[in-house]
2 protein chains.
Amino acid sequence: MMLEQGIKERLEKAEYKLTQQRKAVLEVMQNKRGEHLTAEEVLYEARQKVPHLGIATVYRTLERLAAIEVLYKTIFDEGKYRYELSDQAEHQHLHILCIACSRIFEVEEGLLDSLEKHLEKDGFEIVNHQLKIYAYCPECSRK
Amino acid sequence: MMLEQGIKERLEKAEYKLTQQRKAVLEVMQNKRGEHLTAEEVLYEARQKVPHLGIATVYRTLERLAAIEVLYKTIFDEGKYRYELSDQAEHQHLHILCIACSRIFEVEEGLLDSLEKHLEKDGFEIVNHQLKIYAYCPECSRK
DNA sequence: CCCAATAATGATAATCATTATCATATAAAC
DNA sequence: GTTTATATGATAATGATTATCATTATTGGG
Ligand SMILES: [Mn+2]
Ligand SMILES: [Mn+2]
Ligand SMILES: [Zn+2]
Ligand SMILES: [Zn+2]
């Protein structure tokens, strides 16, 4: 499995060495594009390639990759972090969490006013929502 | 300090006994309306009233109060839960998290398309955002 | 190629938040 | 006031994440 070009570029700019274990983690994330994986899940998958891979290395690698925005790190009210391949361009993460089966659905669109009505037409039954905006507050804003 | 009427009603319907420790927790949450507190923070405050209050009781009480929607439980990418007094009517939680000072700002409005532009006029410098919609997916939707 | 110097790894211990356990205390019912 | 159910607090257990550190690659200059 090859690494994608965009990822390679960001790696070269920031990461130091592309070791076997880092490569294994990256390939897992690429193969699981669109999924949101915990460190344990990444470990399990990556051990197919690097059997004695340690969990500490997985955490370190995920952390690094999130820092250079190859991955996006988030948390879904279950008390542990999940990582997904970041679709570089946009910083939007619109997720639908099924409160019955706990699957995570990606929403393609921007912040639409009519988003929920649209989703309801698709058969979603919306119970709650939560928007988090990450920003510099007026006081902290760098001028 | 008195308990508010709306809260009292929901308690009577669902909670069993209004013990000193539960009362202390509730009063803390009322006094800190609009703030998002961790269990530890609630413990610290509530011990002003009930000095030998245990952390287990705080967790149990917060959990119960969230279950009957007197509190809203959420998590802000820092790996621990926070609780706030729930403003019963609406299920909306629009938060701005300052990535510099990590204060949490409440946003009053509904999901506006122009929300971010508005906020930028107020001096916020938006870096990222995340929307989570809790729903039954089409497959799981109760008909 | 050989040798430092540097960085990465993996095993394991430590930490932190949360949950479970259980003996004791408190309250309600009779 | 005795019985019964519930709540509490101390503490142990758990699960996720981070820190530590000895060992193992990797690199760049001889
Ligand atoms: Mn996503
Ligand atoms: Mn809030
Ligand atoms: Zn579902
Ligand atoms: Zn700020």
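The sequence lines fix the lettering, A, B, ..., with proteins before strands; numbering per chain opens at 1. Everything numeric in this text was worked out from a predicted model, so none of it was measured. These numbers come from the heavy atoms of this one structure, side chains and all, not from hydrogens, waters or symmetry mates.
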Verify, without hydrogens or angle tests, whether A:Glu125 (side chain) and A:Glu120 (backbone) share a donor-acceptor contact under 3.5 angstrom. no
Test item: B:Arg22 side-chain N/O and B:Lys17 main-chain N/O as donor-acceptor pair under 3.5 Å: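 Yes.
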With sequence neighbours excluded, residues passing side-chain hydrogen bond (donor to acceptor under 3.5 Å, both in side chains) with A:Thr57: A:Arg60
Between A:Arg64 and B:Lys73, which is nearer to the 5' end of DNA chain C once each is assigned its nearest nucleotide? A:Arg64
Nucleotide nearest A:Gln21 (side chain, heavy atoms from C-beta), chosen from C:dT9, D:dG9, D:dT17: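 Side chain of A:Gln21 sits closest to C:dT9.
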Near-strand residues of residues 53-60 of chain B, defined as heavy-atom separation under 4.0 angstrom from DNA chain D: B:Leu53, B:Gly54, B:Ala56, B:Thr57, B:Arg60
Those residues that, when tested against [X], pass salt bridge (charged side-chain N to carboxylate O under 4.0 Å, His left out) (two or more places apart):
X: A:Glu78; answer: A:Arg82
X: B:Glu106; answer: none
X: B:Arg103; answer: A:Glu139
X: B:Lys132; answer: none

Whole angstrom is fine here: how far is it from [atom1] in [X] over to [atom2] in [N]?
X: B:Leu18; N: C:dA27; atom1: CG; atom2: C1'; value: 13 Å
X: A:Arg47; N: C:dA11; atom1: CZ; atom2: C1'; value: 11 Å
X: A:Leu11; N: C:dA8; atom1: CG; atom2: P; value: 13 Å
X: B:Arg22; N: C:dA27; atom1: CZ; atom2: P; value: 12 Å

Identify, residue by residue, the members of residues 75-84 of chain B with a heavy atom below 4.0 Å from DNA chain C, and return them in order of residue number, or none. B:Lys80, B:Tyr81
Results of ring pair (Phe, Tyr, Trp, His ring centres under 6.0 Å) for B:Phe76 - residues two or more places apart only: B:His36, B:His95
Using ring pair (Phe, Tyr, Trp, His ring centres under 6.0 Å) as the criterion, list what pairs up with B:Tyr81, not counting sequence neighbours.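 With neighbours one apart ignored, the set is empty.
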By side chain to side chain contact (heavy atoms under 4.5 Å, CB included), B:Ile99 pairs with (sequence neighbours left out) A:Tyr134, A:Tyr136, B:Val127
A:Tyr59: which residues meet the side chain to side chain contact (heavy atoms under 4.5 Å, CB included) condition with it, sequence neighbours left out? A:Ala39, A:Ile55
Between the protein and nucleotides 22-29 of chain D, which nitrogen or oxygen pairs come in under 3.5 angstrom?
none

